[in-house]
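Here's the structure, in structure tokens; my notes come after.
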Amino acid sequence: MTCAGRTDTGVHATGQVVHFDTESAREDRGWLLGANSNLPDDIAVTWARQVSEDFHARFSATGRNYRYRILNRLQRSAMHRHRAWWVYSPLDAGRMHAAAQALLGEHDFSAFRAAGCRANTPQRRISHISVERSGDWITLLVSANAFLQHMVRNITGTLAVVGDGEQDPGWVAEVLSSRDRKEGGIAAPPHGLTLMSVDYPASMQIPEPLDSD
């Protein structure tokens, strides 16, 4: 079985895509119900279909889309303890968004790369990144052609340093230029991160994720 991308322990996914080769023949409904009857309750297949021989869950993908959620209030949440990073000190989402724009485009993201990352190159291209607040919730959305290990978590932790006023928005560009992981903020915890969807060429007719949350 091949996945579109690996996720750290504790990270969620609503749009993971996998492929496998088989000589068995079943209706799509049979694959769906059969797979789900053998999976634990916290993993669910939402669609299954035969694809062309040249489809590859990982190498055919043209982009990945992640969301990171921060619960920013004095009180922690029992309901969301496994789905968001609780930060009780006030964060300025506007400053975080402004700082994040320095990451747009293609760069060497070594400063946001885990020490154990085994990617062949630190070059990645971010096509979209935004930080918005809605009530007590701060949401980071980021899309790229591919991601390095811990990249989104390290970006989030670094933006939080700007959000709490410890650093100016321009500092994120300095961290990026340094190519040194030690210059940035902490890695945000994994449970706030969700792989929302994976992009493929329209000709491959890959369904959109069924769940958005």
Side-chain angles (χ1 to χ4, degrees), residues 5-16 63-73 76-77 80-105 107-117 119 122 124-197 212-213:
R6 297 188 308 169
T7 55
D8 303 330
T9 300
V11 173
H12 309 284
T14 59
Q16 180 68 278
R64 283 88 173 166
N65 308 289
Y66 279 90
R67 179 189 70 191
Y68 196 99
R69 301 186 78 193
I70 300 173
L71 178 60
N72 187 213
R73 68 185 189 194
R76 63 181 177 87
S77 169
H80 296 287
R81 67 190 185 282
H82 298 311
R83 299 298 302 273
W85 181 20
W86 172 52
V87 178
Y88 61 83
S89 57
L91 297 176
D92 187 326
R95 285 169 55 91
M96 295 169 68
H97 176 80
Q101 302 317 297
L103 304 177
L104 281 171
H107 303 283
D108 180 329
F109 282 95
S110 294
F112 301 97
R113 179 182 191 175
C117 179
R124 294 293 187 268
R125 184 179 69 256
I126 290 182
S127 56
H128 171 85
I129 186 166
S130 63
V131 182
E132 296 183 354
R133 175 183 283 277
S134 178
D136 295 327
W137 291 97
I138 294 177
T139 302
L140 165 70
L141 297 175
V142 57
S143 301
N145 61 331
F147 289 87
L148 301 166
Q149 185 180 11
H150 295 179
M151 181 171 161
V152 180
R153 292 171 56 196
N154 290 335
I155 287 174
T156 304
T158 299
L159 293 177
V161 176
V162 175
D164 70 8
E166 186 177 338
Q167 294 284 356
D168 293 327
W171 173 69
V172 172
E174 297 174 8
V175 172
L176 176 66
S177 298
S178 75
R179 302 180 182 178
D180 184 353
R181 176 67 193 98
K182 297 184 181 68
E183 294 298 315
I186 64 168
H191 53 266
L193 183 60
T194 300
L195 172 61
M196 300 300 292
S197 62
S212 60
D213 198 5

Problem set entry | Euclidean distance, E183 CD relative to F112 CZ, rounded to 0.5 Å | 10.5 Å

Exercise. If you draw a 6.0 Å radius around CZ in R95, do more than 12 non-hydrogen atoms from other residues or ligands fall strictly inside?
Worked result: yes

For this session: Can you label the angle between the H107 ring and the F109 ring as parallel, tilted or perpendicular, going by 30° and 60°?
Result: perpendicular

Exercise. How about R73: does its CZ atom have over 12 heavy atoms from other parts shown lying under 6.0 Å from it?
Worked result: yes

Problem set entry | Heavy-atom side-chain proximity of L193 to W85 below 4.5 angstrom | no

For this session: For residues V152 and V11, determine if any side-chain heavy atom of one lies less than 4.5 Å from a side-chain heavy atom of the other.
Result: no

For this session: Mark yes or no for whether E132, through its side chain, and A93, through its backbone, hold a donor-acceptor pair below 3.5 Å.
Result: no

For this session: Please check if the side chain of Q101 supplies one atom and the backbone of H97 the other of a donor-acceptor pair under 3.5 Å.
Result: yes

Problem set entry | Exam field: side chain R113 to backbone A119, donor-acceptor pair closer than 3.5 Å | yes

Exercise. Is any side-chain heavy atom of I155 less than 4.5 Å from a side-chain heavy atom of I129?
Worked result: yes

Exercise. Counting only N and O atoms by type, is there a donor-acceptor contact under 3.5 Å from the side chain of D168 to the main-chain atoms of V162?
Worked result: no

Exercise. With a 4.5 Å limit on heavy-atom distance, are the side chains of I126 and M151 in contact?
Worked result: yes

Just list the side-chain donor-acceptor pairs under 3.5 Å for residues 138-149, sequence neighbours left out, or say none.
unit_1: S143; atom_1: OG; unit_2: N65; atom_2: OD1; d: 2.6
unit_1: N145; atom_1: OD1; unit_2: R125; atom_2: N; d: 2.8
unit_1: Q149; atom_1: OE1; unit_2: C117; atom_2: N; d: 3.3

Problem set entry | Nearest-0.5 Å distance, CZ of residue R67 to OG of residue S197 | 11.0 Å

For this session: Could you pull out all residues at least two apart from R81 that satisfy salt bridge (charged side-chain N to carboxylate O under 4.0 Å, His left out)?
Result: none

For this session: Sequence neighbours left out, what pairs pass ring pair (Phe, Tyr, Trp, His ring centres under 6.0 Å) with at least one residue falling in residues 149-189?
Result: none

Exercise. If you look at every heavy atom in H191 and A84, which pair is closest and at what distance?
Worked result: CD2-O, 3.0 Å

Problem set entry | Close side-chain approach of R83 to H12, heavy-atom, < 4.5 Å | yes

Exercise. Under 3.5 Å, side chain of R133 to main-chain N/O of L91, donor-acceptor pair present?
Worked result: yes

Exercise. How far does CE of M96 sit from CG of D164, to the nearest 0.5 angstrom?
Worked result: 9.0 Å

Exercise. What closest approach, in Å, do A188 and G157 show between heavy atoms, and which atom pair accounts for it?
Worked result: CB-N, 4.1 Å

Problem set entry | Spacing of CD1 belonging to I70 relative to CG belonging to L159, to within rounding of 0.5 Å | 8.0 Å

For this session: Mind listing the closest non-hydrogen atom pair of G185 and R181 along with its distance?
Result: O-NH2, 2.7 Å

Exercise. For the residue pair W137 and R69, what are the closest heavy atoms and their distance?
Worked result: CD2-NH2, 3.6 Å

Exercise. Do any N or O atoms from the side chain of D108 and from the backbone of S110 form a donor-acceptor pair under 3.5 angstrom?
Worked result: yes

